[in-house]
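These notes concern the structure reproduced below.
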Amino acid sequence: MAREAPGSLESLRARNRARALAVLQRRGAASQADIVRETGLSRTTVSSLVAELLEEGIVVERADSARPAPSPSGGRPATLLSLEPSSGGFIGVDFGREIVRVAIANRAGELLVDARSDRLEVAHQAERALAVAEAMVSRALNETELQSDRVLGAGVAVSAPVRADSPEFASGVIFPSWAEVNVAEFFGGRLGVPVHVGNDANLGALAEATFGVGRSHRDVFYVMLSEGIGGGVIIDGRIYLGHAGAAGELGHIVVNPDGQICRCGNRGCLATVAGGAALTAALRQIHGPHMTVDELITLSGTGDQGATRLLTDAGEAVGRVLAGICGVLDPELVIIGGELAPAGRPLLDSITNSLERWISPASGHYPVALGELGGKAEVLGAIALAMSHVPDQTLAPLADRQPNAAEPQQGNRRARSRRAKSRPE
Ligand SMILES: [Zn+2]
């Protein structure tokens with residue numbers, strides 16, 4: 001998308017427009033006077049911007065504005081404006097290890113679709129996974145009132161480092177069958193909109209910092225505890241990629257030099273000690289060969305001492321690594337997400353205690369919270385990534401319009417019902 005030179009009249013107008021739209025997105029409905037008050041823009045500017053947005057169909061006058069209370073001055077009641085939900089939307093796609101997930105949100109910040117594929121060998125079947133994702137996107141567009149020509153952008157989460165300057169998915173090291181695939185080109189060609197690709201842990205971080213438990217924080221460190229371990233750094237509300245797109249990758253920090261060989265080729269990485277694959281492997285001798293992360297969590301929830309011990313030991317190792325990371329990054333909040341996060345208290349308490357034990361006394365205090373978004377963090381992060389590239393779009397919490405779409409996590413003390421509060425229709 002073409003951007004105007006900073007400082008030009010056009011860029012000033014674009015910024016003012018984004019500020020006016022942000023008021024509508026935040027409040028759901030607002031009068032021109034509200035927009036003037038909240039943005040500090042002049043009445044003339046707001047009036048001209050609103051006329052333009054009404055003309056483009058991005059903003060509508062609300063049908064219920066005919067009978068609001070009279071204005072305090074006793075004049076004519078103010079007409080309320082709101083965003084036209086169908087005036088634009090965003091697609092998110094998440095290529096997980098075993099499922100594909102597709103979500104659509106409109107520009108008013110309502111989550112319209114959150115769909116999951118059946119189980120699928122995503123890592124080893126790139127072509128099949130892409131075909132499944134393409135079919136899911138087209139079904140999701142059909143289900144919503146969003147016309148495909150109103151799609152403003154798409155984001156895709158992949159399980160590999162993604163560099164800012166080469167945003168294709170090209171890490172054969174992690175998913176061999178994807179080595180030659182350019183995800184941005186694949187979807188860009190089909191959707192005809194800009195497609196932005198991000199690492200799944202980075203996008204999980206962005207989602208939690210935008211829509212989830214970290215939404216009131218600007219500097220966040222996110223840990224994705226799944227089969228493997230990933231991490232994401234959010235600085236001043238944006239993903240920090242690092243030089244090679246690998247910032248935040250704590251899973252391959254060596255914690256036991258005499259430990260097991262890791263798939264990265266090193267020995268004793270954090271992932272070999274605290275990753276879901278390592279934990280389930282440890283339980284297979286007792287509980288049989290088909291142990292999964294979900295079963296491990298269920299076992300711990302029913303009081304199985306071995307399962308709980310594994311989780312607390314894993315938390316101890318993660319907390320020790322986090323002590324080093326917090327000492328360097330000094331985040332406001334540490335968020336624990338991924339498939340192991342629903343384990344709740346045993347894991348969270350162990351991480352918190354270990355972090356407090358190992359952090360330098362000269363450092364600050366670093367609160368640790370479980371993520372709120374569960375398995376949809378990555379796909380919502382993909383939507384947030386797409387939104388962040390559209391100048392008019394504000395990154396505000398999404399309102400969930402899907403019944404039963406929330407995935408409550410055990411032990412999440414900070415879970416709030418905010419997402420269930422939908423805007424007035
Ligand atoms: Zn490793």
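Counting starts at 1 for both ligands and their atoms, following the listed order.
In this structure Glu295 satisfies the side-chain contact (heavy atoms from CB on, under 4.5 Å) test together with Met291, Thr292, sequence neighbours excluded. With sequence neighbours excluded, no residue forms a side-chain contact (heavy atoms from CB on, under 4.5 Å) with Ala278. Asp330 pairs by the side-chain contact (heavy atoms from CB on, under 4.5 Å) definition with Tyr366, not counting sequence neighbours.
Within the 4.5 Å cutoff, side-chain heavy atoms of Glu316 are placed close to those of Trp358. Between Leu279 and Leu311 the shortest side-chain heavy-atom distance falls below 4.5 Å.
Side chain of Glu208 to backbone of Glu372: a donor-acceptor contact under 3.5 angstrom is found.
Legend: protein N/O/S atoms lying under 2.8 Å from the Zn ion (ligand 1), waters omitted, number 4.
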